[in-house]
Amino acid sequence: MRFVSSLTQKEQEGLRPLVHDSTNHRERMRAQAILWSDKGYKLKQIADLCEVDRDTVSKWLRRWEQDRPSGLKDASRSGRPATLSLQEKKDY
């Protein structure tokens, strides 16, 4: 079983707004996973709730332990950035 180390009150207060207000869905999901882990949810439970693999959740927890809030952000990726414009999104 893997859990995050106990969160401080300040860390909990910093994560809660991310869960509700972040514009990045993956960041919201990671923040929620950290909060659930702090409450004692097991990897499998968090993975089921987030509909991801338990290895993915384990990676999120590890990144949190190493980098704290900056570990919730998406890692940089190689390749060309997306070029879909707002107008094209509206056409879908």
Side-chain angles (χ1 to χ4, degrees):
M1 266 185 292
R2 183 171 197 339
F3 299 102
V4 293
S5 56
S6 293
L7 299 176
T8 65
Q9 184 70 25
K10 187 175 181 179
E11 288 172 329
Q12 290 176 5
E13 291 169 359
L15 287 169
R16 286 188 190 110
L18 284 177
V19 171
H20 299 289
D21 301 330
S22 176
T23 58
N24 184 313
H25 169 72
R26 290 181 300 273
E27 188 175 307
R28 286 193 313 267
M29 202 167 30
R30 292 175 192 136
Q32 182 64 69
I34 301 304
L35 290 170
W36 281 332
S37 179
D38 184 56
K39 288 185 176 187
Y41 284 60
K42 296 177 182 174
L43 281 177
K44 176 79 170 113
Q45 293 172 306
I46 297 170
D48 288 345
L49 290 167
C50 293
E51 297 181 346
V52 297
D53 189 79
R54 56 178 282 145
D55 290 339
T56 300
V57 175
S58 183
K59 184 173 96 175
W60 294 347
L61 301 183
R62 196 171 35 252
R63 284 181 54 195
W64 170 262
E65 291 292 330
Q66 291 172 354
D67 303 324
R68 287 312 208 218
S70 63
L72 298 175
K73 305 258 186 241
D74 286 337
S76 61
R77 299 169 190 252
S78 63
R80 183 176 166 188
T83 58
L84 189 61
S85 70
L86 290 176
Q87 181 59 41
E88 291 170 344
K89 286 182 183 179
K90 291 178 184 177
D91 292 340
Y92 285 114

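Heads up: numbering here begins at 1 and tracks the sequence.
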Q.
Quick check against the 3.5 Å criterion: does Ser22 have a side-chain atom that pairs as donor or acceptor with the backbone of Val19?
A. no

- Side chains of Leu72 and Ile34: does their closest heavy-atom pair fall under 4.5 Å? yes

Checklist line | Lys/Arg-Asp/Glu bridge criterion (N-O < 4.0 Å) met for Asp48, Lys44 | finding: yes

* **Within-4.5 Å side-chain heavy-atom neighbours: Cys50 and Trp60** => yes

Review point. Do the side chain of Asn24 and the main chain of Glu27 share a donor and acceptor less than 3.5 angstrom apart?
Key: yes

*Using the salt bridge (Lys or Arg N to Asp or Glu O under 4.0 Å) rule, take Asp74 and Arg30 through it: C-alpha gap first, then chi angles, then the decisive distance, then the call.*
CA-CA 10 Å; Asp74 286 337; Arg30 292 175 192 136; 2.8 Å; yes

Rounded to the nearest 0.5 Å, the OG atom of Ser37 sits from the CD1 atom of Ile46 at a distance of 4.5 Å

Flag side-chain contact, heavy atom, 4.5 Å: Leu35 against Tyr41
no

Query - Side-chain touch Glu65/Arg62, heavy atoms, less than 4.5 angstrom - result: no

Item to complete: Could you tell me whether Arg16 and Asp21 have a side-chain N and a carboxylate O separated by less than 4.0 Å?
Response: no

In this structure, NZ of Lys59 is separated from CZ of Arg54 (nearest 0.5 Å) by 15.5 Å

Shortest non-hydrogen pair, Leu18 vs Ala31, comes out as CB-CB, 4.0 Å

* To do: Indicate yes or no: at least one non-hydrogen side-chain atom of Trp64 is less than 4.5 angstrom from one of Leu7.
  => yes

**Study point:** Side chains of Leu61 and Leu43 in contact at under 4.5 Å (non-hydrogen atoms)
**Key:** yes

The complete set of salt bridge (Lys or Arg N to Asp or Glu O under 4.0 Å) pairs with one or both residues in residues 4-14, sequence neighbours excluded, reads Glu11-Arg68

Closest non-hydrogen contact found for Gly71 with Asp67 is N-CB, 3.6 Å

